[in-house]
Amino acid sequence: METNQVNPLLFLFCKELTIQLESLSNLQETITPTEFSELISNATHEVLESYTSGEFDLLAYRGTGAEEYKELARRSIDSYSASNTKIGEITDRHAELLNETSSSKLIDFSKISEKFNAIQDHLNDEVSRANDVIHTLLEQVKTLEIKTSLDPLTKAYNRYALHEYLKVVLEKEKLDYDIFALMIDVDDFKIINDRFGHIAGDKVLIFIVKLFKKALRDGDRVYRFGGEEFIILLNRTDAAGAQLVAERLLNLCRNNKPLFQNQQIPVTLSIGLTKIIEGDTIDAIINRSDVALYRAKKNGKDRLEMEF
C-alpha cells in the first residue's frame, strides 16, 4: 500500500468506528474491552472491503484533515493497548492468587476475598477509564467531522462537503423536491487583491458568505467551490424562486460594500443558474452552472445567466 493511501484509510477507519460506537451507545451506556475489540475488527473489515472492492475514492479524502484522524486513531490504539495490557496483568494476578491458594494447606478466606475485591476494583477502574477514553475520542471525531466539512476561512461548506451531499441526492431514482444550483464568482477579484491586498481579499470573501447566509433560508446551503467561487444549493423552490434569490444576492452585493482600513471595497457577482435533474451527475451539474457563469462574465458581469 502506498504511503499516500495511509491517511485516507485511517480517516475512513475512524468514521466507521464512530458510526459503530454511536450505534452501540443507543443500546448501552458502557462498553467492555472485548466489545471494543470487536468494533475495531468490524471497522477494519469495512475499510478493507471498501478498498478491495474499489468503492474507496482516495481523491475524495485528500486534504480533509486526515492527519488529525490519524492522530486520533494512534491515540485510541495506544490507549486500548495499554488497557489490554493492564487487564492482562490483572488476569495474571487472579491466576497467581489461585496458585497461592492451591499450594496452601490452610485457606484464609478473608484474605482471599480482600485480594479478589482489590483486583476487581482495579479491573473496574480500568474499564471505566477505557469508557471515558471512548467518549472523549468520539467527541473529538465529531469535531473533526465538522472541521473537515467547512472552509476554514469563510466557514461555508467546502468542496468535499458539496460532493458528499450531491452524491446522496443523486443516488435516489427520484428527487424528493426541486433543487437549483447557483455558481457564483466574485467579479475582478484579482484586481481587489492587487489594489487592497490579500488580507482585504479574505475579508471580502468572509463578508460575502455572511451576506449569502443572511439572505438564504435554513435549508439552503453555501459552499466555497474554490478561490473566489461559491456554489449555493436552493431546495424546495421553482425556477422563478431561484431567479429571485439570485437577483437578491446581486443587489445585496451591489448595495453593501465591505470596509477595509476605512476604505469601501466595491464588490459585484456573476451568477450561473441550473436545475438538478433526475439522472444528473456531479460533473454535469458543475458543467451546466459553469457554462451559465461564463456567459454572465462574457455579457458584462454583475448579472445572472441560466443553463437548463
Side-chain angles (χ1 to χ4, degrees), residues 63 149-166 179-217 220-235 237 239-260 263-276 280-308:
S149 296
L150 293 179
D151 171 54
L153 175 66
T154 64
K155 299 303 182 287
Y157 289 109
N158 60 20
R159 190 167 182 166
Y160 167 74
L162 171 68
H163 278 254
E164 290 299 296
Y165 179 76
L166 286 177
I179 304 175
F180 290 82
L182 302 176
M183 180 171 279
I184 303 171
D185 185 77
V186 180
D187 294 330
D188 302 317
F189 188 69
K190 184 178 184 303
I191 295 176
I192 293 174
N193 275 334
D194 291 344
R195 180 181 173 186
F196 298 97
H198 288 279
I199 294 177
D202 288 346
K203 298 281 187 184
V204 167
L205 296 178
I206 294 169
F207 178 81
I208 286 172
V209 169
K210 288 181 178 178
L211 280 183
F212 290 166
K213 290 181 177 180
K214 287 181 180 179
L216 298 173
R217 302 164 302 172
D220 300 327
R221 289 169 164 253
V222 183
Y223 301 87
R224 187 179 182 189
F225 190 66
E228 67 274 19
E229 283 191 331
F230 298 88
I231 286 181
I232 294 177
L233 297 182
L234 304 174
N235 298 297
T237 189
Q243 291 177 55
L244 191 64
V245 171
E247 293 292 350
R248 187 190 308 146
L249 296 179
L250 290 173
N251 284 324
L252 277 172
C253 279
R254 291 186 195 115
N255 299 324
N256 292 274
K257 297 178 177 61
L259 279 174
F260 180 73
Q263 296 184 80
Q264 285 190 325
I265 304 176
V267 180
T268 61
L269 306 174
S270 293
I271 302 178
L273 169 65
T274 192
K275 181 181 179 181
I276 297 175
D280 239 335
T281 64
I282 295 176
D283 287 343
I285 296 167
I286 300 301
N287 182 65
R288 288 199 307 274
S289 58
D290 195 42
V291 167
L293 175 62
Y294 176 79
R295 196 158 56 242
K297 290 284 190 183
K298 186 178 179 181
N299 290 339
K301 304 175 184 176
D302 190 21
R303 59 184 292 114
L304 166 70
E305 294 288 346
M306 293 172 284
E307 181 74 17
F308 294 105

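What you are looking at is a predicted structure, and each value in this text was computed from that prediction instead of being measured.
For NZ of K210, the number of neighbouring non-hydrogen atoms (other residues, nucleotides, ligands) closer than 6.0 Å is 12 at most. Annotation: R195, atom CZ; neighbour count of heavy atoms from other residues, nucleotides and ligands within 6.0 Å does not exceed 12. For I199, the CD1 atom counts as loosely surrounded, since its 6.0 Å shell holds 12 or fewer non-hydrogen atoms of other residues, nucleotides or ligands. Atom OH of Y294 is surrounded by 12 or fewer heavy atoms from other residues, nucleotides or ligands within 6.0 Å.
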Using the side chain to side chain contact (heavy atoms under 4.5 Å, CB included) rule, take L153 and I206 through it: C-alpha gap first, then chi angles, then the decisive distance, then the call.
-> CA-CA 7 Å; L153 175 66; I206 294 169; 3.8 Å; yes
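In this structure, CG in L259 is found 5.5 Å from CD in Q264, a value given to the nearest 0.5 Å. With rounding to the nearest 0.5 Å, the separation of CZ in F212 from CG in D220 is 12.5 Å. Annotation: the span from M183 atom CE to L269 atom CG amounts to 13.5 Å, rounded to 0.5 Å. Atoms CD1 and NZ, on I265 and K257 in that order, are 11.5 Å from each other to the nearest 0.5 Å. With rounding to the nearest 0.5 angstrom, the CZ atom of F225 is 4.0 Å from the CD1 atom of I286. The distance from the SG atom of C253 to the CD1 atom of I208 is 5.0 Å, given to the nearest 0.5 Å.
Classification of E307 and R295 as a salt-bridged pair holds, one side-chain N sitting under 4.0 Å from a carboxylate O. Under 4.0 Å is where a charged nitrogen must lie from a carboxylate oxygen, and between D187 and K297 at least one such pair does. Residues R224 and D151 are paired through a salt bridge, judged by an N-O separation under 4.0 Å between the basic side chain and the carboxylate.
Between Y157 and Y223, the ring planes lie tilted relative to each other; the angle falls in the 30° to 60° range.
Smallest separation of non-hydrogen atoms from T274 and I285: CG2-O, 4.0 Å. The two residues F180 and T237 come nearest to each other via the heavy atoms CE1-O, 3.4 Å. Minimum interatomic distance between V267 and V186 (heavy atoms only, all atoms of both residues): CG1-CG1, 3.9 Å. Considering every non-hydrogen atom in both V209 and A156, the closest pair reads CG1-CB, 4.1 Å.
Remark: the backbone N or O of K275 is paired with a side-chain donor or acceptor of R288 at under 3.5 angstrom. Within the 3.5 Å criterion, the main-chain N or O of P152 finds a donor-acceptor partner in the side chain of K155. With hydrogens and angles ignored, the 3.5 Å screen pairs a side-chain donor or acceptor of N256 with a backbone N or O of L252. Checked by atom type and distance alone, the side chain of S270 never pairs as donor or acceptor with a backbone atom of L293 at under 3.5 Å. For N287 (side chain) and D283 (main-chain N/O), no donor-acceptor pair under 3.5 Å exists by modelled atom type.
Under the 4.5 Å side-chain criterion, counting only non-hydrogen atoms from C-beta, L250 is in contact with D302. The shortest distance between side-chain heavy atoms of F260 and V204 does not fall below 4.5 Å. Between I271 and I232, the closest side-chain pair of non-hydrogen atoms is not below 4.5 Å. In this structure the side chain of D188 never reaches within 4.5 angstrom of the side chain of T268, judged on heavy atoms.
For the residue pair R254/N251, the side-chain donor-acceptor check at 3.5 Å is satisfied.
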